[in-house]
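Computed from a prediction, not measured in an experiment: that's the story for all the values here.
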Amino acid sequence: MSDSSSHQLLWQAVLFQVLRDIRDANRSHEGHKDFVTAARWVGSYPSREFNEVCMCAGLEPDFVHPRFVKIIKEAEAKSAARKTTKKAPVAMAAE
């Protein structure tokens, strides 16, 4: 394996971890914190850092970014739906 491909694999792993942090948002308190951090890093438009990581991974930022944003929005919608469908505590009938 060449040094160049090892370098790309490293940066691809970074992007994959960001994707995992986004997808695991609703699993735990720590998962939510990781989601927030990842979503902020991805941002609503590609930052210079996001572009650099994509380029180092051998990926086109303009292709990757909209897909990450879509996954973030889906995770947020899923989280919001889960919060609104939680059942309210059942009141005990007065005896």
Side-chain angles (χ1 to χ4, degrees):
M1 183 177 294
S2 73
D3 188 44
S4 176
S5 63
S6 297
H7 188 248
Q8 282 187 343
L9 287 173
L10 171 67
W11 290 108
Q12 289 170 5
V14 169
L15 289 171
F16 183 68
Q17 184 60 50
V18 171
L19 181 60
R20 286 179 56 191
D21 289 346
I22 292 167
R23 291 199 175 228
D24 293 342
N26 299 310
R27 299 203 179 184
S28 68
H29 178 67
E30 281 299 313
H32 180 70
K33 286 173 45 178
D34 293 341
F35 169 82
V36 170
T37 301
R40 284 182 182 158
W41 183 76
V42 170
S44 56
Y45 63 92
S47 66
R48 187 188 72 199
E49 291 84 10
F50 184 90
N51 288 336
E52 287 176 7
V53 170
C54 288
M55 297 302 282
C56 288
L59 301 171
E60 179 58 45
D62 291 336
F63 178 82
V64 175
H65 189 265
R67 284 150 181 83
F68 273 52
V69 170
K70 180 181 178 191
I71 294 166
I72 290 167
K73 288 180 181 180
E74 289 169 354
E76 289 172 336
K78 187 177 180 180
S79 177
R82 183 174 290 131
K83 288 177 185 175
T84 59
T85 59
K86 283 186 178 179
K87 293 182 180 180
V90 178
M92 298 197 50
E95 292 187 35

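Applying the side chain to side chain donor-acceptor pair (under 3.5 Å) criterion to Glu74, with sequence neighbours excluded, gives no partner residue.
Residues Trp41 and Val36 share a hydrophobic cluster, clusters being chains of Ile/Leu/Val/Met/Phe/Trp/Tyr side chains in contact below 4.5 Å. Residues Phe68 and Val14 share a hydrophobic cluster, clusters being chains of Ile/Leu/Val/Met/Phe/Trp/Tyr side chains in contact below 4.5 Å.
The distance from the CD1 atom of Ile72 to the CZ atom of Arg23 is 11.5 Å, given to the nearest 0.5 Å. Here the straight-line distance linking atom CG of Asp34 with atom CG of Asp24 works out to 8.5 Å at 0.5 Å rounding. If you take NZ on Lys33 and CG on Asp21, they are separated by 12.0 Å, rounding to the nearest 0.5 Å. Atoms CG and CD, from Asn51 and Glu60 in turn, are 8.5 Å apart once rounded to the nearest 0.5 Å. Annotation: the span from Leu10 atom CG to Gln8 atom CD amounts to 11.0 Å, rounded to 0.5 Å. Taken from CG in Asp62 to CZ in Arg67, the straight-line distance is 10.5 Å, to the nearest 0.5 Å.
Between Gln12 and Leu9, some side-chain heavy-atom pair lies under the 4.5 Å cut-off. No side-chain heavy atom of Trp11 sits less than 4.5 Å from a side-chain heavy atom of Glu52. Residues Ile71 and Val42 are not in side-chain contact: their nearest non-hydrogen atoms beyond the backbone lie 4.5 Å or more apart. Here the side chains of Val69 and Tyr45 are not in contact, with every heavy-atom distance at 4.5 Å or above.
Aromatic ring orientation, His65 versus Phe50: perpendicular (interplanar angle above 60°, classes split at 30° and 60°).
Heavy atoms only, all atoms of each residue included: Pro61 and Cys54 are closest at CG-CB, 3.7 Å.
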